[in-house]
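Written below as structure tokens is the structure these notes are about.
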Amino acid sequence: MMYLYNFIYAFISTIGFAIIFNVPKASLVKSGFGGALGWTVFVLINNHFDTVIVSTFIASLIIAFIGEIFAILDRQPITVYIIPGIVPLVPGFGLYYTMLYILEENYPLAAQYGSESILIAVSISGALTIVLSLNSYRKQRQKKKI
Amino acid sequence: MFNGNKKKILILALYAGEIILKNGGETYRVEDTIIRLCKSRGLSYVESFVTPTGIFVSVDNKSEDENEMISFIKRIKSRKIDLSKVAKVNDFSRRFVESDMSTDEAMKLLKIIDITPPYPSYIKAGFGGLASAFFSLMLGANALEFFSAFITSIFVTYTLKALIDVDFPPFLTHISGGAVAVIMAIIFSSFHPSINMDLIIIGAIMVMVPGVAITNAVRDSIAGDLISGLARAGEALIVATSIAFGVGFVLKIWTFISGGTLI
């Protein structure tokens, strides 16, 4: 039940971000779906194994993969689906606490939150890199065949 | 075979590339579009080099004439995010390549794409509010925090929009956005003890977080555009720093005034 709620929250939230980035109307629901599924997986893995970084990585893999499928089906640029989808995963939370602890002059905790945020950002980009380069490899192969 | 006016085609391709780059498209997409548009009309040599701050294109066709080679440089000063324009130009270039549309007609189509207004600002603010409010719910906010995040984020979105419209420096725009978020959060948290300002602030700053810059930095680096990749990563870092700066500055002042602690 909790996962269902999370799915709905993330769905609306992702669509909201998509509108801020001016995603075309026809792609709004699809980008929302990708983001919502990604977030639900994030919560699921994080609850069971308690690792933020691994769950972010897997969630981003899923978002990128779904985005890639929608992009191929609709012949739209993939950014339209990925960008709103990953926003919930972006370490705004970690960024905020890093800054808070720097203000409190609690540097050990600041360093802990800071390095966690950087690692989250790295794992998002790592996941995107894997899926996107697989796709560009596939495109290269297709071109060679023709 | 080359037919038509080389200069016109170059200007057309450059314009298409400029729209993509200005609205948050990836570098390789810009280069690709320019090359495809030029080649589709018979120009045999097209080379383009694109960074987030400028476009360089040279075209030539096989001929003996010494004055034939044309180069064009376009400086891009400001960037915003409008993914629907990227999608539209992408669609346009596919249609242009597949048909034999005249360059004048194509230019008209591009101009229409360029001046298409984004979603009206009240819709953007409303959905920005929803996005932040539901994001704070995802992190475990209660109902009161949900509504506070909603209203805070509407204010933040309007502030950002108003500042971007008057061409305020980007760094200061994000600092002001962060500051507005904290001020609103402080006001709300003083209404009721169950309202914790952390989740409101985090929800509101998510609207400004540089997700597009991060994604594009990765995409550009994969495509081998290392300069653009680094430039965009730098952009993301600057935006993140300026948000943190705005939030931190106001929070610190607040602790001096209230005498309390942050955590």
Side-chain angles (χ1 to χ4, degrees), chain A residues 5-6 8-27 31 39 42-43 64 74-93 95-104 106 109 117 121 124-129 132-133 136, chain B residues 20 23-26 29 81-88 90-91 94 118-119 123-124 126-135 137-139 153 157 198 201-203 205-212 214-219 221-223 236 240 243-245 247-248 251-252 255 261-263:
Chain A
Y5 280 133
N6 264 305
I8 295 168
Y9 297 160
F11 186 71
I12 299 174
S13 183
T14 313
I15 289 183
F17 290 124
I19 285 182
I20 292 180
F21 299 139
N22 258 306
V23 166
K25 277 197 194 93
S27 314
S31 65
W39 176 260
F42 171 81
V43 174
D74 291 0
R75 311 189 90 190
Q76 291 272 355
I78 184 181
T79 10
V80 167
Y81 302 101
I82 290 188
I83 289 179
I86 61 157
V87 169
L89 297 175
V90 164
F93 189 80
L95 180 73
Y96 177 71
Y97 278 103
T98 311
M99 180 218 61
L100 218 55
Y101 284 116
I102 290 176
L103 285 184
E104 292 278 290
N106 189 341
L109 270 178
S117 317
I124 294 174
S125 18
L128 294 186
T129 314
L132 298 179
S133 24
S136 45
Chain B
I20 299 181
N23 291 298
E26 313 93 308
R29 191 181 298 284
I81 299 162
D82 188 336
L83 296 178
S84 72
K85 280 185 188 166
V86 177
K88 274 183 190 153
N90 199 47
D91 197 48
R94 196 177 293 125
Y119 291 115
I123 288 188
K124 270 196 173 182
F127 274 91
L130 276 183
S132 303
F134 276 95
F135 186 74
L137 269 190
M138 280 149 74
L139 296 178
S153 178
T157 330
D198 290 1
I201 296 173
I202 294 170
I205 62 174
M206 287 314 277
V207 179
M208 299 182 274
V209 145
V212 177
I214 294 178
T215 325
N216 279 343
V218 178
R219 299 218 63 190
S221 308
I222 301 168
I243 295 171
F245 199 87
V247 174
L251 271 182
K252 196 71 192 169
T255 52
T261 51
L262 290 174
I263 296 158

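Remember, it's a predicted structure, so these values are computed and weren't measured experimentally.
- Nearest heavy-atom pair, A/Val23 versus A/Pro84, reported as atom, atom and distance to 0.1 Å: CG2-CG, 3.9 Å.
- Pairing each heavy atom of B/Ile81 with each of A/Asn22, the nearest pair is O-ND2, 4.2 Å.
- With a threshold of 4.5 angstrom between heavy atoms, B/Asn216 approaches chain A through side-chain atoms but not through N, CA, C or O.
- The heavy-atom pair separating A/Gly92 from B/Met206 by the smallest distance is CA-SD, 3.8 Å.
- The two residues B/Val247 and A/Tyr96 come nearest to each other via the heavy atoms CG1-CE1, 3.9 Å.
- The parts of A/Ile19 that come within reach of chain B are both its backbone and its side chain, each placing non-hydrogen atoms under 4.5 angstrom from that chain.
- Counting heavy-atom pairs closer than 4.5 Å to chain B, the top residue among A/Thr129, A/Val87, A/Val80 is A/Thr129.
- Contact count versus chain B (heavy atoms, under 4.5 Å) is highest, among A/Ser13, A/Gly16, A/Pro91, A/Ala10, for A/Ser13.
- Between chain B and the residues A/Leu128, A/Thr79, A/Asn6, the largest count of heavy-atom pairs under 4.5 Å involves A/Thr79.
- Within a 6.0 Å radius of CZ in B/Phe245, other residues, nucleotides and ligands contribute 12 heavy atoms or fewer.
- Proximity to chain A (any heavy atom under 4.5 Å) is restricted, for B/Ile202, to the side chain, taken from C-beta onward.
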Decide side-chain contact (heavy atoms from CB on, under 4.5 Å) for B/Lys88 and B/Asp91; before the verdict, give the C-alpha distance in whole Å, the side-chain angles of both, and the deciding distance to 0.1 Å.
CA-CA 5 Å; B/Lys88 274 183 190 153; B/Asp91 197 48; 5.5 Å; no
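- The nearest pair of heavy atoms linking B/Ala87 to A/Gln76 is CB-OE1, 3.1 Å.
- With a threshold of 4.5 angstrom between heavy atoms, A/Ile78 approaches chain B through its backbone and through its side chain.
- For A/Ile20, the parts lying under 4.5 angstrom from a heavy atom of chain B are both the backbone and the side chain.
- In this structure, chain A has a heavy atom under 4.5 Å from the side chain of B/Ile201, while its backbone stays farther away.
- Heavy-atom distances place both the backbone and the side chain of B/Asp82 under 4.5 Å from chain A.
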